[in-house]
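Some notes on the structure that comes next.
Residue numbers begin at 1 in each chain, while the letters A, B, ... track the order of the sequences.
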2 protein chains.
Amino acid sequence: MKVTGDQALVKKINKSLVLHTVRKHFPLSRSSVSVMTGLNKATVSTLVAELCEQQLVIEVGPGQSSGGRKPLMLHFNNMAGTVIGIELRVKQLSAVLCDLKGDIILVRDFTLEHHGLAYVLDTMKDLIAELISVAPSTPYGTVGIGIGVPGMVDEQGILLFAPNLGWEMVELQQILETYFAIPVTLDNEANAGAVGELNFGAAQDVSHLLYVSAGSGIGSGIIIDGKLYKGARGYAGETGHMCIEADGKPCSCGSRGCWELYASEKTYDTSVFKLPAHNTQDLIRCAKQGNIEAIRHFEQMGRYLGVGVTNLINSFNPELIIIGGALSEAEPWLATSMNEVVAERTLPYHKQQLQITFSKLGSRGTMIGAAFSSVMHFLGSIRITL
Amino acid sequence: MKVTGDQALVKKINKSLVLHTVRKHFPLSRSSVSVMTGLNKATVSTLVAELCEQQLVIEVGPGQSSGGRKPLMLHFNNMAGTVIGIELRVKQLSAVLCDLKGDIILVRDFTLEHHGLAYVLDTMKDLIAELISVAPSTPYGTVGIGIGVPGMVDEQGILLFAPNLGWEMVELQQILETYFAIPVTLDNEANAGAVGELNFGAAQDVSHLLYVSAGSGIGSGIIIDGKLYKGARGYAGETGHMCIEADGKPCSCGSRGCWELYASEKTYDTSVFKLPAHNTQDLIRCAKQGNIEAIRHFEQMGRYLGVGVTNLINSFNPELIIIGGALSEAEPWLATSMNEVVAERTLPYHKQQLQITFSKLGSRGTMIGAAFSSVMHFLGSIRITL
DNA sequence: CGACTTTGTATATTGGTTAAACAAAGTATT
DNA sequence: AATACTTTGTTTAACCAATATACAAAGTCG
């Protein structure tokens, strides 16, 4: 849609600017908001007054003087509402209740017995309903539900395909939105993880981020200009099916030599090593105990991870790459070989100022990211590009 | 820099909106601009008056009535100024003089005898000076120089590395900007090509485009949200060094199995076929004459092109992929096998609404794209993202 | 020829930001 | 303690771009 400029737009821009400045940097005085944003003191005053009325910002009393009148400190009202973040995994359904700052109020985990759509959907509804009911009373109540799923999601919020669940074409967003009458945002697990890292993890204030979620498969959440990039139809980031061996192993996607056949949990069944276990958790335990086969296997995966990561670096030139997902917990055995390969294979210019780290948020990154997508949807955001 | 909203911004947004609407859709009446933009008739009138005063828009007299008063038709004044577009190639320096619409006024080609920096630079300066001197007299004169080069360019306009020229760290943009005192935009050849296709070729009104320039190497110009994506430091799109054979041939970049070793002119020296020639032009001639070795080789390249293109599709989910560069002229022999591989290997969801075509602009796409970057730099553009 | 349409301009209003003055509340200095 | 200076935040008037509305101009159509 075409956006024209008028005074309402100006106000929206500035109000959003003030709100997010307070959200990110509180406690803060009106005066310092004015300096930070470049807005006139009077403008800040009016906008803050409105935000206070909307209960999104609160005045919490005087702060320290710096040689003049004491400032009246402002806080972002993280308890103006709550959001729910959900991560759907193969054997588990996890949910968090968060405040608007993204802080966790409550966590619920539920073990899934099977993947029957009706069963999972009912469980999800029950879980959400429970969290909504126990949520602390807030001015706006529960303002959004964010969901991270292991599969492809299109821009309409339809879960197109989730191989590990055996699901296809589930209109998850619409179903839940109708049921709860609350905005629902649906994202694949990698995208949600990227948003989580961007706001709470290792990627704060990064504008070009690649979050690689390595688990049962590989998917990437792509942040471009500080914003999630979803591609034309919403399917961007399906990097697990990037071919790194033109005539390699056949993949269920119809292609050959896909990255995730060499650098995800899919390797466990075809390893050249005699693996003492076939899941990441147990393999990590074995590696800790010094099991050479497990360690060798992880090192091998690390090398292949490096190959794919190099490809992403060459294509996207990100500031930061974060390896997340279940495999991020195997960092001690993956990192060295992965970094070696990346160092060998990237162009010298790319190495400058590029960082690669493993996720620090752990398994909750997806959930929190999903929740945070809802927060942003509620608060709104607007930007100017020259 | 932080952008705040005020009335100046509003005006800038709307004026830009009006200007680019006229530029894209002229001839046009004020009334239809109002309808198309959503701006009030009065607003359009004021802004058009200013644009006329700036000589960017001109009134060309009455148009056809549609049942009422005749409209006063507006034109974008493509002769308000001129720009110069330059493409630096291995053996050739080409330059165009364009009007602000991007139409070619004049072309100059110059054969380069060697790649000595001073020699090439002098030639370039002479060529530009000549074009500036013969440019038709316009209100704004020559307002920009856009250059497309075969190598990596950083965000400061420094040509970091051009393997085929043997150049490193050339501050081309700054040198020319100082010399001519005109804004210079420097881009790699793939990025310039992408801009060309976006504005004049097969990609008009596409927001997510991948332009793959296949020639002596492979590079990609990435358009995201209608805007060139350059990555954190300006090096995005180095897709030629995307690995498609983890343990493949060693590449000069330090890696192995890089895409361009299998799908660019680099294949000619290592082909398994007995090639009758070792450059694209001659090979195409041979293929036309039915030379089976040449045809087989192109088919093979097409398959590898398909592998890389599939990777790009999975990562970026673009609306459109354009194959450009010298190899685009081998379309008849590349297309079938490339499309076969892509069809086999992409996920079913990606196939929907994805188009792959070969460049229609030919070898001039880069030059025109480079020139057009300068036009946009001169006219300015501003956008709102919600 | 009169009714209706379309195009474009003039005018008063609206509603946002802003500079400047000011009030309030503190610190530093003599 | 009195005075001068700082810092914070509000009030006021001015400014300016978009807009709705009315209107003028120039056409079509029956």
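Side-chain N/O atoms of A/S32 and A/S29 include a donor and acceptor closer than 3.5 Å. In the model, A/S207 has a side-chain atom that pairs as donor or acceptor with a side-chain atom of A/E319 under 3.5 Å.
Residue B/N14 has a polar side-chain atom (N or O) positioned under 4.0 Å from OP1 or OP2 of D/dA18. For A/T43, a side-chain nitrogen or oxygen approaches OP1 or OP2 of C/dT18 to under 4.0 Å. Considering only side-chain N and O atoms, A/R30 lies under 4.0 angstrom from the phosphate OP1 or OP2 of D/dT10. OP1 and OP2 of C/dT27 both lie 4.0 Å or more from every side-chain N or O belonging to A/S66. Between D/dG27 and B/S65, no contact under 4.0 Å exists linking OP1 or OP2 to a side-chain N or O.
Looking at heavy-atom distances under 4.0 Å, B/K41 makes contact with a base.
Evaluation of atom-type donor-acceptor distances gives no pair under 3.5 Å for the side chain of B/R69 against the base of C/dT6.
Ring to ring, B/H208 and A/Y229 are close: their centroids are under 6.0 angstrom apart.
The nucleotide whose nearest atom lies closest to any side-chain atom of A/A42 is, among C/dG16, C/dT17, D/dT11, D/dT11. Checking D/dA17, C/dG8, C/dT18 against the side-chain heavy atoms of B/K11 singles out D/dA17 as nearest.
Taking a cutoff of 4.0 Å between a charged side-chain nitrogen and a carboxylate oxygen, A/K101 and A/D103 qualify as a salt bridge.
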